[in-house]
4 protein chains.
Amino acid sequence: MPESHRRTRSKGYGAISATRESRPAGERTKVVSRTGPHRSESVRLAVLNAADDLLVERGFAALTIEGIAQRAGVAKQTIYRWWKSKVDILLDTLTDDARDALQWHPAEGDSAEEALSAHLRRVSDFFEEPAGRVLQALLGHAQLDEDTAKSLRAGFLKDQRALDTAGLREVLAREDVTVDDSGLDLLVDMMLGPLYYRALLFGSPIDKGLVDTTARVTLALARELSAARS
Amino acid sequence: MPESHRRTRSKGYGAISATRESRPAGERTKVVSRTGPHRSESVRLAVLNAADDLLVERGFAALTIEGIAQRAGVAKQTIYRWWKSKVDILLDTLTDDARDALQWHPAEGDSAEEALSAHLRRVSDFFEEPAGRVLQALLGHAQLDEDTAKSLRAGFLKDQRALDTAGLREVLAREDVTVDDSGLDLLVDMMLGPLYYRALLFGSPIDKGLVDTTARVTLALARELSAARS
Amino acid sequence: MPESHRRTRSKGYGAISATRESRPAGERTKVVSRTGPHRSESVRLAVLNAADDLLVERGFAALTIEGIAQRAGVAKQTIYRWWKSKVDILLDTLTDDARDALQWHPAEGDSAEEALSAHLRRVSDFFEEPAGRVLQALLGHAQLDEDTAKSLRAGFLKDQRALDTAGLREVLAREDVTVDDSGLDLLVDMMLGPLYYRALLFGSPIDKGLVDTTARVTLALARELSAARS
Amino acid sequence: MPESHRRTRSKGYGAISATRESRPAGERTKVVSRTGPHRSESVRLAVLNAADDLLVERGFAALTIEGIAQRAGVAKQTIYRWWKSKVDILLDTLTDDARDALQWHPAEGDSAEEALSAHLRRVSDFFEEPAGRVLQALLGHAQLDEDTAKSLRAGFLKDQRALDTAGLREVLAREDVTVDDSGLDLLVDMMLGPLYYRALLFGSPIDKGLVDTTARVTLALARELSAARS
DNA sequence: CATTAAGCGAGACGGTACGTCCCGTCTTGTC
DNA sequence: GACAAGACGGGACGTACCGTCTCGCTTAATG
């Protein structure tokens with residue numbers, strides 16, 4: 001039995017935040033006084049790990065609820081009790097795993113352009129990692145299924161967008177470049193678009209030239225927008 | 001039974017070129033001495049129309065070979081005789097339909113920036129059309145299935161990339177901006193990336209600001225690269 | 001919520017005798033030092049009533065432990081604590097309900113033939129009643145499951161057989177017809193066989209002709225056997 | 001893999017008569033001009049044999065569609081294409097197997113009583129045979145499920161009743177005993193009732209005494225009815 | 001009279017079988 | 001030989017209950 005490639009699952013999340021997707025916040029009111037057994041955390045982890053192990057090993061098409069159940073040593077019904085579909089499971093793993101990898105942590109001494117380049121490099125690399133595969137699969141499935149698209153946009157993508165906007169703003173502020181919200185929106189699209197485009201359409205590893213150029217062009221545009229403001 | 005939204009399918013392609021994907025060139029030698037009826041063109045059209053009608057009406061998940069066969073009034077085996085899978089059928093419809101819509105035809109009197117903007121506007125609109133839905137579905141499926149990715153990249157995406165490179169070069173030439181091949185590659189990514197990013201990740205209609213900015217930034221970068229050459 | 005058709009459940013039995021099947025005598029030794037609450041009689045009744053209400057309303061196939069638990073407002077585990085299976089529950093209801101209905105109480109002034117006819121008439125009618133449905137279901141299930149067959153034969157059927165033998169002997173004695181035990185066995189089969197045959201195989205209401213003929217033939221045979229003895 | 005205990009399945013029925021239950025006569029009009037594959041007879045036999053082998057080996061409760069499919073080497077869907085349920089399959093095996101065993105073939109030189117006794121002896125023995133187990137299971141299930149009851153009564157039981165009435169009439173005619181139809185109905189109940197009663201309720205092998213007495217009493221009653229007519 | 005073990009409602013869990021959908025292959029008969 | 005029709009072996013689906021197992025509360029005899 002292969003050790004899961006993920007090590008950090010059990011670290012850094014409580015049951016509540018981590019199960020956001022399967023136990024929406026609004027439902028919490030219902031859970032006033034509960035007697036009887038509680039949801040097993042070990043089951044939850046086994047399922048999440050089984051799911052993205054299988055995704056990485058065999059691909060999305062070969063990912064089945066029955067396969068996940070078997071690999072996790074769990075009954076099918078237990079999966080259906082907490083998740084609506086295999087996509088719902090993957091959305092859960094995403095919350096745990098992808099968030100860290102796509103975080104902005106610009107190095108202290110870097111210039112704005114260096115910081116941007118470094119971040120974009122990390123985004124590029126992300127697509128090669130297991131968590132990146134999960135995001136890729138979900139983005140793919142979102143093209144095929146409107147519900148998936150909705151969930152993904154309302155959850156992960158919205159949050160990530162906020163992080164990216166904030167991160168970019170902060171980096172620009174280092175060089176006193178300030179851009180309003182609509183400008184930042186534009187900049188984020190200009191900055192991330194080319195990377196996702198290459199990754200999703202051509203699947204090729206993203207070359208350093210594209211990353212650096214993107215960073216440089218984004219910064220140039222930001223300066224232009226900043227100047228126009230004053 | 002709804003009239004298919006496609007009208008131009010039967011025009012402008014012969015059976016041979018259009019079925020490139022399902023009948024590879026090497027197989028043509030086999031068709032030397034043939035008895036019995038030939039492939040029915042009406043069957044081919046019925047299948048292609050049924051497939052993308054169903055895709056648009058019910059979505060990719062509900063698209064099944066049996067459903068297509070029924071809708072087309074065709075036996076399942078007939079489909080399997082000519083196509084390997086439902087994805088193969090969609091690849092076929094794409095060849096027929098998407099090519100036109102993503103063609104470059106810059107207006108005579110336009111400036112480079114106007115021409116770029118106009119083309120990008122058309123790309124943006126394309127995602128709303130039926131043919132755009134087909135491409136979206138195939139791009140989605142390509143994230144989930146390596147074979148689909150290969151076929152799509154080796155066929156449609158490669159051709160389209162060539163068209164885009166050539167189109168961009170031609171438009172830039174209008175203002176004596178000349179960029180080498182690797183530069184054009186970069187420019188195409190910068191130009192189309194943001195549009196695909198918004199369309200695939202957020203599904204929102206692409207606003208004019210993004211299109212115009214992308215055109216302007218691309219042109220600026222092109223000039224820079226051109227200057228660096230001389 | 002429908003009022004149960006049974007009214008007499010709570011009358012005339014103690015918890016001990018009634019739960020014979022689920023608490024065998026040998027187990028009583030275990031109950032040496034007991035603290036905590038005792039078995040709730042209201043739970044027991046709720047389960048028994050729920051079970052045969054559901055049996056009559058929806059049939060045996062739709063009778064599930066979970067359904068009974070829900071209808072009775074009882075936890076599943078509580079049922080499993082006291083009964084082994086839904087069949088075990090039905091066996092319990094049978095003990096309460098069927099015994100009365102199949103009792104012999106020959107009217108004082110009746111001739112043997114009148115008494116026999118009257119009793120057989122009551123047997124016929126029994127199959128239309130709720131308690132008769134329970135017996136029918138158990139007899140049916142006994143054909144499918146050897147354990148059920150064993151329990152039913154060792155319990156209800158054995159007791160009932162004894163009642164029928166005694167009842168018949170007593171009625172015959174009124175006219176000084178005396179038959180030995182093996183003869184009585186034969187007579188009981190001849191007397192009840194046709195009724196059960198019609199009820200179980202054809203499900204049709206049993207007509208008076210059959211009942212009277214059966215009574216008459218049984219009596220004739222009894223006289224013959226009695227004569228042969230002396 | 002055990003050789004099925006049935007040897008006569010493939011003998012003595014055509015596809016049409018044998019599939020009465022799954023292809024009702026009224027449907028034949030639909031089968032006007034049929035192209036495409038036909039129902040596989042070998043599949044049909046494999047399923048019927050698997051079903052009653054399993055019934056005899058493991059009992060009705062352990063008889064599952066999946067088990068039958070596996071044992072027969074057949075896909076589950078293939079079973080559902082032709083039969084509605086496991087009960088429907090058993091009804092089909094009954095048509096093939098039980099009919100012969102319950103046929104009347106009175107020996108030429110026998111007296112009426114000898115002929116009756118001989119026939120009833122064969123009925124008694126039938127319950128021990130595999131085909132008897134099938135009938136027992138179906139009779140059992142008919143007590144639990146109204147649909148089963150209907151099918152069984154409308155098919156097998158109705159036919160068998162007709163055979164029994166005719167057989168009895170013929171045997172009585174040997175000694176110039178003639179009884180009208182309603183009388184015969186009564187006689188059949190009197191004759192078979194005790195046997196089924198013992199077999200179904202007590203499951204014990206039926207002793208010779210009961211068989212002979214039943215035959216004798218039936219004949220006596222028949223003579224009485226015959227006399228009353230003239 | 002507090003202790004403490006059982007009864008109990010609730011329901012999570014590992015399972016099995018259900019009946020359905022669709023896959024891709026194969027067979028039959030028609031044109 | 002292409003084609004319509006559709007039977008077939010197969011795999012996964014999502015559902016219904018099974019019987020076992022905690023969990024946290026309530027209750028009643030015993031120490």
Side-chain angles (χ1 to χ4, degrees), chain A residues 33-40 42-44 61-70 72-82 84-86, chain B residues 33-40 42-43 61-70 72-82 84-86, chain C residues 31 33-40 42-44 46 62-70 72-82 84-86, chain D residues 33-40 42-44 61-70 72-82 84-86:
Chain A
S33 95
R34 270 275 282 105
T35 184
H38 297 301
R39 175 173 188 177
S40 158
S42 66
V43 159
R44 188 180 162 271
L63 185 66
T64 65
I65 296 275
E66 294 198 339
I68 296 169
Q70 188 159 11
V74 142
K76 213 168 26 152
Q77 185 55 49
T78 298
I79 295 186
Y80 282 110
R81 188 160 21 243
W82 301 111
K84 290 191 321 254
S85 62
K86 64 179 179 177
Chain B
S33 90
R34 278 267 282 96
T35 183
H38 296 308
R39 174 172 189 181
S40 159
S42 67
V43 159
L63 186 66
T64 65
I65 295 277
E66 295 197 339
I68 296 169
Q70 188 160 16
V74 143
K76 226 176 8 157
Q77 183 53 47
T78 300
I79 294 185
Y80 281 108
R81 191 159 19 240
W82 303 110
K84 289 192 322 253
S85 64
K86 65 178 177 176
Chain C
V31 191
S33 89
R34 274 272 282 102
T35 182
H38 296 309
R39 175 172 188 179
S40 158
S42 68
V43 160
R44 188 180 165 272
L63 186 67
T64 66
I65 295 277
E66 295 198 339
I68 296 169
Q70 188 159 15
V74 142
K76 226 176 8 156
Q77 183 54 45
T78 301
I79 295 185
Y80 282 108
R81 198 174 357 255
W82 302 110
K84 289 191 323 254
S85 64
K86 66 178 177 175
Chain D
S33 95
R34 269 275 282 102
T35 186
H38 296 304
R39 175 173 187 178
S40 159
S42 66
V43 159
R44 186 179 165 273
L63 185 66
T64 66
I65 296 276
E66 293 199 339
I68 296 170
Q70 188 160 11
V74 141
K76 213 169 25 153
Q77 184 55 48
T78 299
I79 295 185
Y80 282 108
R81 187 158 26 241
W82 302 111
K84 290 191 320 253
S85 64
K86 65 179 179 177

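Each chain gets a letter, A, B and so on, in the order its sequence line appears, and its residues count up from 1.
Rounded to the nearest 0.5 Å, atoms CD1 (B:I65) and NZ (B:K86) are 8.0 Å apart.
Within the structure, every side-chain polar atom (N or O) of D:H38 is placed at least 4.0 Å from both OP1 and OP2 of F:dG6. Here D:W82 does not reach the OP1 or OP2 of F:dA7: none of its side-chain N or O atoms lies under 4.0 Å away.
Not counting sequence neighbours, the partners of D:S42 by the side chain to side chain contact (heavy atoms under 4.5 Å, CB included) test are D:S40. Listed by chain and number, the residues in a side chain to side chain contact (heavy atoms under 4.5 Å, CB included) with B:Q70 amount to none (sequence neighbours excluded). In this structure D:K76 satisfies the salt bridge (Lys or Arg N to Asp or Glu O under 4.0 Å) test together with D:E66, sequence neighbours excluded. By the side chain to side chain contact (heavy atoms under 4.5 Å, CB included) test, A:A69 is found to be paired with A:I79, residues two or more places apart in sequence or in another chain being considered.
Across F:dC3, E:dC13, E:dG9, the shortest atom-to-atom separation from the side chain of C:T78 is found for E:dG9. The side chain of A:S40 approaches E:dC13 more closely than any other nucleotide in the set F:dA7, E:dC13, F:dG9.
When rounded to the nearest whole Å, the span between CZ of C:R44 and P of E:dG7 equals 16 Å. Nucleotide F:dA5 holds its C1' atom 18 Å from the CZ atom of D:R39, rounded to whole Å. The distance between atom CZ of B:R81 and atom P of E:dG24, rounded to the nearest whole Å, is 16 Å. When rounded to the nearest whole Å, the span between CD1 of B:I79 and C1' of F:dA5 equals 13 Å. We find that CD of C:Q70 is positioned 10 Å from P of E:dG11, with the value rounded to whole Å.
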N/O contacts under 3.5 Å, protein versus nucleotides 1-5 of chain E?
none

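A cation-pi arrangement is absent between C:R44 and C:W82, since the terminal nitrogen or guanidinium carbon is not both under 6.0 Å from the aromatic centre and inside a 45° cone about the axis.
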## Note on the structure
A correct 5'-to-3' footprint of nucleotides 10-16 of chain F, with B, S and - meaning base, sugar-phosphate only and no protein heavy atom under 4.0 Å, is B-SBBBB

